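Written below as structure tokens is the structure these notes are about.
Just so it is clear, the structure is predicted and the values come from calculations on it, not from any experiment. Residue indices begin at 1 and follow the sequence shown.
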Amino acid sequence: MDKHLHRRSFLRNTGIVTAVLAMPRFPAWAMRLSPGQPLHNIPLDKGIDAAWLKSLYERGVADTYLKSRNELRYIGMPAGGLHAGTVYAGGDGRLWLWQIYNQSMEGTHEGIDPVTVNWNDGIQTRQIRPRDGSAYVEPVIAANRRVLEQGFAIRVMKDQQTWVKELKEEHWDEVAFTGTYPVAQITYSAKDFPVEVRLKVYSPFIPLDEENSSLPATILRVEVKNLTNAALEVALMGWLENGVSKLSAKPGAGKKRNRVVAGKNHTAVFMDYVTMDPALKIAQDMGSMCLSLHGHAAAENTDMRIWPVTAAAFDVQAAQEATAAAPDTLTAGIVASGGVSPGAVFQADYSIAWHFNHLHPNFPKLVKDAAGGYFYAVRFPDGLAVSEYLASHFSRLTTLTELWQHTWNASSLPHWFLNRTFVNIGTLATANTYRFADGRFWGWEGVGACAGTCTHVWQYAQSMARIFPGLERDLRERVDLGAGFREDSGAIIFRAENETRPAIDGQAGTILRFYREHQMSKDDTFLRRNWPKIKKAVQFMLAQDKNGDGMTDTPMENTLDAVWEGEIAWIAGLCVAAARAAQAMAEEMKDRAFAVVCADYVSKGSKHIEGPLFNGEYFIHRPDPVAGRKKLGSYNTCHIDQVYGQAWTFQVGLPRILNKEKTMSALKALWKYNFTTDVGPYIKTHTGGRPYALPGEGGMIMNTNPHNEPKPYGEDVTWQLGYFHECMSGFEHQVAAHMMAEGMTDESLVLTRVIHDRHHAAKRNPFNEIECSDHYARAMASYGTFISACGFEYHGPAGYIAFAPRLQADNFSAAFTAAEGWGSYSQRKEGNRQRHTLALAYGKLGLKKLRFRLLNDRPVTGISVVHNGVVKPAVYSVKEKDVWIELKSGISIQENEKLEILI
């Protein structure tokens, strides 16, 4: 979160917006609460139906949204490449939003739609900006933000009969949208139409392959199935408006141009804008686009003027080049055609590419690397080059993308769970993230809001590190140990160039990320190269413990945009977890003296957190002995992040840092006091929070006062108090991940499911979790719940992998990613034996050590390890409920190979 009121304040009085934004406090809140503190009113009985709870464990089917249930209008699945703007696949398959024109900028163009909406919080009507949740309160409707004309039409002929429909909601009896990111599948059916049409929409998305997953392009794969007993003739027409200079083109200043370019096995229409105006040449929307058919084209039309679409439109063969002056539109289409036998499928593959390399003029002021433009522009000079690259690698890119989608979803875990825990990585394919020409990754917190890849927000995210670990390693080196690093002290500035101070939670979380990035590497090169700076960063963190008790006590910025004083369980615990990670890194680097220093800090910190910071039920914030409770803090209240440090240890396979019983007590207190199936009564009485959960929806409140203490948050509360009364999905996801890891599977699934239900397509966009603006980075904490459900641990340099599933352990399967490969893992109980299988779908996997959880209490009498039919010598040991296996010689599993272990 951000430090400045003008960035994050969200109560605005009508007519005095400027004055409110400049004020140092949160006056609307203070005015309402001055008569007295509202009582805690979260029911202890959650009223959860047993049958519904049981259903959360069931495999079920993939989420499908239907026209017939009015569930399509808000859907917007990111369908472009990473860091290439935001192009949404809509509920009926048409693309919308088109946030590719480099408009996003804090203060001027925030969110996916920079509008302010009104929301009645139960007491008064408030104005809600994009960073406050405007798209949550009033979701953007696809039909209102299409921006460019784009779509498909189909013509079917049999004998003397002809049928024509566009692939749009209005033309079909039923349209079904199934979005399992990164692939959206839309199915169109009508009783009066002889075929069923299926459209797949995605951009190449291949875990571990950042470059091929970052193409400014969208693939549209159309499949037409003949439902009749007779042969049919099918023609498909795909079209796209020339969107170059869409915003800045002026009458008489230039012309839009479409040109047919024939390539090997593909046909393209290249789109640009020709002008002599120097200002237009560098405008943010100056660039190029390309519509391509990857296959034989029956016809190309560079100037489509065919609406409404008729049968004759499919046969129009226009000139190879067409132009139009602003404000006229210029739309091109390409036709594919062929015969389809009864029951057979006709397929046509299209793609759309774009190239807009003139960043917002304010960007280089935020980060100098932006002056060089985008990374994709280094690889490709224009949209045609992107299209030609796609054509040259089309089979591999589409095969691997669809293979990942299959691998991820071919799991024993519930479909809804797989969807919600993975969906937030889509934020990387929005205007929330950028990759500049020199390769640097950079992100807002949410689209257009809060600059600098903020450490105290991004450290919650777990998705990118597991799916694209190369991006995280580069971010650690280039920014956290580069642009944001202070060599003299070891401080990591939490927004790099956009700040001057460190944040204590950002510092600790980044140390944990150093360890995670090391684990997701093939060898120790990353750690060895960066160890001197990492060590200095750890020393800075340790130095914030002024009294030597292992608990940081130096007032410093944290993710709730305030400087808290005293000893705070969640911050102290996060620092202890970071010190434990530092100890592990020091041991690997043979820096034994520093490992001892870290171990001493961990020992002292754990002891003192479990003592004076545990109130018998949950962990608290002990005030500074001098300053007392004057300033804002959580004090004796129940705070959502109180055991966050322990949660982090499960993500990276570290030993416990907090007593299990006390940790479980704290998690149960969060469930008891902070979780509710209906936030309505709470947010009506505890006002001032932003609307990220509305009445009738469930969630976990950030901070509650279960014992109704007077002035529970301090004597001189400030505007940041509003955060305490909110539901923010990133924090909720980290708690769900922790609950899953500790065996609180019911609570974890319920919490994850209420987040999922808050984002049902009937209410709002399922692919956009909002905090401070759209597609908020912290929400990528959701992947941590998947990691916990698998009981997954991995250490690439050590050749170590482990699984201990928390769900369906007797017959479990799920995807996994490693440093150089990915695939699927399964385990199955077979009488008194258990079988474990790792099947590699991509890359390679080096292994030396493995660990599995025993599925029964019988003693282990032997194991066998078989790699592609060859028995591999191994030794094993049993420790508590786990079997540890060490291979006498390390192995490398290659693509399409399996490793099977029988215990």
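Ion pairing of E830 with R828 is present here, as a side-chain N (NZ or NE/NH1/NH2) and a carboxylate O approach within less than 4.0 Å. A salt bridge does not link E732 with R778: every distance from a Lys NZ or Arg NE/NH1/NH2 to an Asp or Glu carboxylate oxygen is 4.0 Å or more. Salt bridge R851/D882: present, at least one basic N to carboxylate O contact under 4.0 Å. Checked for salt-bridge contact, E517 and R513 miss the test: no charged N lies under 4.0 Å from a carboxylate O. Salt bridge status for R420 with E769: present, with a side-chain N to carboxylate O gap under 4.0 Å. Using a cutoff of 4.0 Å between basic side-chain nitrogens and carboxylate oxygens, E617 and K672 are scored as salt-bridged.
For H40 and H707, the gap between ring centers reaches or exceeds 6.0 Å. Between Y825 and F816, the ring centre distance reaches or exceeds 6.0 Å. For F731 and Y644, the ring centers are positioned 6.0 Å apart or more.
A donor-acceptor pair is defined here as one N or O able to donate and one able to accept, closer than 3.5 Å; no such pair exists between the side chain of E567 and the backbone of I620. Between the side chain of S748 and the backbone N or O of M744 there is no donor-acceptor pair closer than 3.5 Å.
By the 30° and 60° cut-offs, the orientation of the rings of W531 relative to F594 is perpendicular. Aromatic ring pairs are classed by plane angle as parallel below 30°, tilted from 30° to 60° and perpendicular above 60°; the pair H738 and F650 is tilted. Under the 30°/60° scheme for interplanar angles, the aromatic rings of Y783 and F786 are found to be tilted.
No side-chain heavy atom of W648 sits under 4.5 Å from any side-chain heavy atom of Q734.
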K872 vs E900, test: salt bridge (charged side-chain N to carboxylate O under 4.0 Å, His left out). Steps then yes/no. CA-CA 10 Å; K872 295 294 181 179; E900 290 193 295; over 6 Å; no
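Taking each heavy atom of I701 and Y682 in turn, the nearest pair found is CG2-CE2, 3.6 Å.
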